[in-house]
Amino acid sequence: MGKNVDNLDDVANLLSKKSEQKIILKKRNQSQRILRNKRKKREVNEDRKIMLIPILIVVLILIIKFLEALGMGGTFPDKRKVPVSASELSSASNIPEEATEPVLKEYNDDVLEKFFQEYFQAKLSADVDTLYRLSGVTNQSTEQRNKLQSQLKTQSGYIESYEDIKTYAVPGIGENEKLVFLQYKVRFRRAKTPAPAIMYCYMRVNEANAFELVENKTPEQTKFVHEYIQTHDEVKDLIQAVDSQLLEALSSDSRLAVLYDAFQTGRIYTEDQASIDSEVSLIEMDDNGPTEETSASVPETTDGGSIGESTESSATEASGGQEGGTAPSESNEGA
């Protein structure tokens, strides 16, 4: 056996040592087996996790698509139209559009606002040169110029100011072109109540990179303007609102009604201002407005009651570039 055994005690000790070795070896084997099992389980779990990742991604994509279909997707940047100045309006792409069909919206732009402030101030001061420049007109005769200046001077004898100017615009049919609607109020010198008014004009950015009224529209531009006015409810609503405000103003202020009638009938050009002022003076004013001491009737607004019914005129006439609308500041000779 490789070792001498002297007695039974030696045999017992030897057997005891071998038994202990077997136990130690058995425990070692068990420990290794447990470690191997744990390692296998860990590897299996890691493989399962790796396989779950693409499945979770696919499920997440499906959930997002489902929520978007229900209109509950995440918020995205708001693609509103950003008003731009004439210097920025170099191409149609400068004004992002939400849809192919243009929608009339209030157009807040400092450059356009200054343009119409200059335009109305030129009317009040009978500055025909400025009106011609704003309209791109260069071929007027001396007779035409003097006629326009005389008419504007007559108008300015009655009109004190143009107030509360609001602009609405849609893209035109050409590059850097716009159809613009103006809502404003006319302050008459002898009346307490301002007269609401509306007009439209077709505009473009010229070679000098400045806004300009299109004086001589092409047949396509004219067709676009008329069709837009007749087929868009937002324009009709705006016109109707201004008409209602004008009728209310004329009904509440008899002095305004007399002046408005004088403009609409063209009497301001055929009668002396003193005679018209005398009619206005017959109407007494109190703290609440005019008293009913005159039989002056409220004029019909058919001739200028809506843009669609009014006629367009040249900037060389009394409108000074103005086109169409319920503008009590204009006579029948100018839209």
Side-chain angles (χ1 to χ4, degrees), residues 120 123-124 126 128 131 143-144 146-163 182-201 229 239-240 242-285 289-335:
F120 283 121
K123 285 175 63 66
L124 292 174
V128 294
L131 290 175
E143 182 181 357
Q144 290 172 319
N146 292 339
K147 179 183 177 182
L148 173 59
Q149 189 172 50
S150 175
Q151 291 173 333
L152 291 175
K153 286 181 178 180
T154 300
Q155 292 181 19
S156 63
Y158 297 90
I159 298 174
E160 180 179 348
S161 64
Y162 296 90
E163 304 173 349
L182 278 88
Q183 182 180 3
Y184 58 100
K185 293 180 180 178
V186 182
R187 176 74 64 177
F188 287 92
R189 298 185 186 279
R190 306 295 299 273
K192 186 174 183 179
T193 307
I198 187 170
M199 75 175 191
Y200 72 86
C201 51
I229 292 171
I239 295 171
Q240 185 177 1
V242 175
D243 281 342
S244 298
Q245 294 168 11
L246 176 60
L247 182 59
E248 182 180 355
L250 295 174
S251 301
S252 64
D253 192 334
S254 298
R255 283 189 168 186
L256 176 63
V258 172
L259 291 168
Y260 182 85
D261 178 71
F263 267 79
Q264 291 299 96
T265 58
R267 290 170 54 206
I268 62 171
Y269 303 110
T270 59
E271 295 184 18
D272 185 73
Q273 183 174 348
S275 63
I276 297 176
D277 286 345
S278 65
E279 294 181 35
V280 176
S281 298
L282 291 176
I283 305 171
E284 295 184 357
M285 297 288 291
T291 57
E292 299 296 334
E293 292 192 6
T294 179
S295 59
S297 60
V298 177
E300 296 292 334
T301 59
T302 304
D303 294 335
S306 68
I307 294 177
E309 297 173 352
S310 63
T311 58
E312 296 182 38
S313 67
S314 168
T316 60
E317 297 179 1
S319 62
Q322 191 163 339
E323 297 183 331
T326 44
S329 61
E330 310 304 328
S331 72
N332 289 338
E333 297 179 59

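Here the structure is a predicted model, which is why all the values come from computation and not from measurement. Numbers here simply count residues along the sequence, with the first being 1.
Counting heavy atoms from C-beta on, the side chains of Y184 and M199 come closer than 4.5 Å. Contact annotation: the side chain of L282 never approaches that of V258 to less than 4.5 Å [non-hydrogen atoms, C-beta and beyond]. Using a 4.5 Å cut-off on side-chain heavy atoms (C-beta onward), V280 and F188 make no contact. K192 places none of its side-chain heavy atoms less than 4.5 Å from the side chain of R255. With contacts defined as side-chain heavy-atom distances shorter than 4.5 Å, the pair L182/F120 qualifies.
A distance of 9.5 Å separates OG in S252 from CG in L247, rounded to the nearest 0.5 Å. To the nearest 0.5 angstrom, D253 atom CG is 12.0 Å from R190 atom CZ. Once rounded to the nearest 0.5 Å, the distance linking CG of L259 with OG1 of T193 reads 11.0 Å.
The backbone N or O of K153 lies less than 3.5 Å from a partner atom in the side chain of S156, making a donor-acceptor pair. Side-chain N or O atoms of S281 include one that pairs as donor or acceptor with a backbone N or O of D277 at under 3.5 Å.
When the side chain to side chain contact (heavy atoms under 4.5 Å, CB included) test is applied to R187, the partners found at least two apart in sequence or on another chain are E160, S161, E163, P194. The salt bridge (charged side-chain N to carboxylate O under 4.0 Å, His left out) test applied to E248 returns no partner, not counting sequence neighbours. Legend: residues meeting side-chain hydrogen bond (donor to acceptor under 3.5 Å, both in side chains) with Q183, ordered by chain and number and at least two apart, are Y168. Evaluation of the salt bridge (charged side-chain N to carboxylate O under 4.0 Å, His left out) rule for E271 yields R267 as partners, not counting sequence neighbours.
The two residues A195 and L246 make their nearest non-hydrogen contact at CB-CD1, 4.2 Å. What you find for Y158 and T154 is that their closest heavy atoms are CD1-O, 3.3 Å.
Counted within 6.0 Å of CD on Q273, heavy atoms from surrounding residues, nucleotides or ligands total more than 12; the atom is thus considered enclosed.
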